[in-house]
Amino acid sequence: MTQKVRKAVLPVAGLGTRFLPATKATPKEMLTVVDKPIIQYVVEEALAAGIEEFVFVTGRGKSAIENHFDKPYELVDMLERKGKLKELAAVTEILPENTKLFYTRQGAPLGLGHAIYQARSVIGDEPFAVLLPDDIIYDDSENALSKMIDVHSQTGSNVVLTMNVPQDRTQNYGVIDIQNEQVENGKVQAHGFVEKPKPEDAPSTLAVTGRYVFNASIFDELAQTKPGHGGEIQLTDAMDSLLQKEDFYGYILKGERFDCGDKFGFQQANLYFALKDEFIGPKLKEYIQTISTSDVFKNVKCA
Ligand code: G1P
């Protein structure tokens with residue numbers, strides 16, 4: 001019987017230099033997509049997949065994340081007194097009562113693998129999820145993490161979320177070697193992982209996106225992982241070495257993935273979720289129609 005996945009690690013120590021000056025005093029995870037910070041989308045996705053305990057691996061200047069998930073007593077008191085019930089719900093209903101949050105610091109920027117390792121003592125000896133908060137994953141019809149957890153509970157294997165990327169983009173991702181395996185029931189067996197290979201060296205175009213379900217045995221591999229790509233301790237290298245001992249599956253992403261660590265992906269996410277919003281969606285649709293005939297639109301040069 002496999003243990004239920006109920007804990008998740010969210011590495012949030014990254015500096016967000018691609019968003020300067022916005023991220024000079026604000027964590028990149030707190031940048032808003034419509035009316036919620038990016039991190040809240042990711043936490044909500046994890047909650048919907050059954051996660052009850054969160055380990056945030058943080059760094060300096062990230063206390064706004066802690067504050068965001070805390071109970072703002074003064075604000076609650078004021079909203080109650082003024083009878084602002086909708087606003088009250090927006091600040092008090094972020095987390096169910098039984099949710100537990102832990103914060104630990106990475107200390108030094110030694111890579112994603114090193115960040116995840118910091119959560120070892122809080123996770124203990126049970127399977128867990130990892131969600132990279134740069135990625136917002138969204139699908140109306142299914143929760144990808146929940147499906148990955150199903151694959152873990154049926155097989156006991158490790159699972160990563162994956163999607164096809166253009167060949168010339170492989171050097172931005174961890175890439176899966178699938179050899180001759182076929183996709184079955186939305187999943188494919190992995191035979192190797194390579195961090196950010198050049199297109200000519202990439203074993204496939206199946207990129208690892210920001211969701212993982214691991215057995216606790218990944219920590220033994222992380223403990224021994226030497227610096228790899230970019231001189232950092234890479235999660236991908238620990239996965240590749242665990243693969244010698246345990247099975248890994250890639251679960252194929254069906255929905256949307258917005259790379260909010262990148263200005264373009266961040267704008268895409270804002271546009272997508274704003275269009276889905278019942279209040280501003282119709283106005284935004286009209287505005288897009290108007291602006292698409294204007295000079296500012298016509299003057300955009302496409303490659
Ligand atoms: C990280 C991982 C990489 C993965 C990517 C997904 O890279 O190291 O394997 O494919 O996230 O977004 P980063 O984007 O932090 O450079």
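Ligands are counted one by one from 1 in listed order, and the atoms in each one are counted from 1 as well. Worth knowing before you read on, the calculation uses all heavy atoms, side chains too, and leaves out hydrogens, waters and symmetry mates.
- Using a 3.5 Å distance cut-off with no hydrogens or angles, the side chains of Asn143 and Glu45 do not pair a donor with an acceptor.
- Ligand 1 lies out of reach of Glu232, whose nearest heavy atom is not under 4.0 Å from it.
- Residue Gly174 approaches ligand 1 through these ligand atoms, each under 4.0 Å from one of its heavy atoms: 3 (C), 4 (C), 9 (O), 10 (O).
- Neither the backbone nor the side chain of Leu235 has a heavy atom within less than 4.0 Å of ligand 1.
- Proximity of Leu132 to ligand 1, defined as any heavy-atom pair under 4.0 Å, is confined to the side chain (atoms from C-beta onward).
- Here the heavy atom of the protein found nearest to atom 13 (P) of ligand 1 is Lys196 NZ, 3.6 Å.
- Looking at ligand 1, you won't find any N or O of Tyr212 less than 3.5 Å from one of its N or O atoms.
- The closest protein non-hydrogen atom to atom 6 (C) of ligand 1 is Val208 O, 3.4 Å.
- Considering backbone and side-chain N/O of Gly210, none are found under 3.5 Å from N/O of ligand 1.
- For the 3.5 Å distance criterion, the side chains of Ser217 and Asn215 fail to qualify, holding no donor opposite an acceptor.
- Between Thr236 and ligand 1, at least one pair of N/O atoms sits closer than 3.5 Å.
- A heavy-atom separation below 4.0 Å is not found between His229 and ligand 1.
- Residue Glu195 has at least one nitrogen or oxygen atom sitting less than 3.5 Å from a nitrogen or oxygen atom of ligand 1, judged on distance alone.
- Contacts between Arg211 and ligand 1, counted as non-hydrogen atom pairs separated by less than 4.0 Å, are absent for every part of the residue.
- Looking at Val151 and Val213, their side chains never come closer than 4.5 Å, going by heavy atoms from C-beta outward.
- Defined by atom type and a distance below 3.5 Å, a donor-acceptor pair is present between the side-chain atoms of Asn164 and Thr205.
- There is no protein heavy atom closer than 4.0 angstrom to atom 15 (O) of ligand 1.
- For ligand 1, the polar-atom distance check finds no N/O of Tyr173 at less than 3.5 Å from any of the ligand's N/O atoms.
- In the hydrophobic clustering, where aliphatic and aromatic side chains (Ile, Leu, Val, Met, Phe, Trp, Tyr) are joined below 4.5 Å either directly or transitively, Leu88 groups with Leu75, Val76, Met78, Leu79, Leu85, Val91.
- Residues passing the ring pair (Phe, Tyr, Trp, His ring centres under 6.0 Å) test with Phe128, sequence neighbours excluded: Phe214, Phe219.
- Gln234 and Thr225 share no side-chain donor-acceptor pair at under 3.5 Å.
- Neither side chain, His114 nor Glu232, offers a donor N or O lying under 3.5 Å from an acceptor on the other.
- Residue contact check: Arg257 has heavy atoms under 4.0 Å from atoms 12 (O) of ligand 1.
- To the nearest 0.5 Å, the span separating CG on Asp134 from CD on Glu29 amounts to 7.0 Å.
- The residues Lys7 and Glu126 are annotated as salt-bridged, a charged nitrogen and a carboxylate oxygen being separated by less than 4.0 angstrom.
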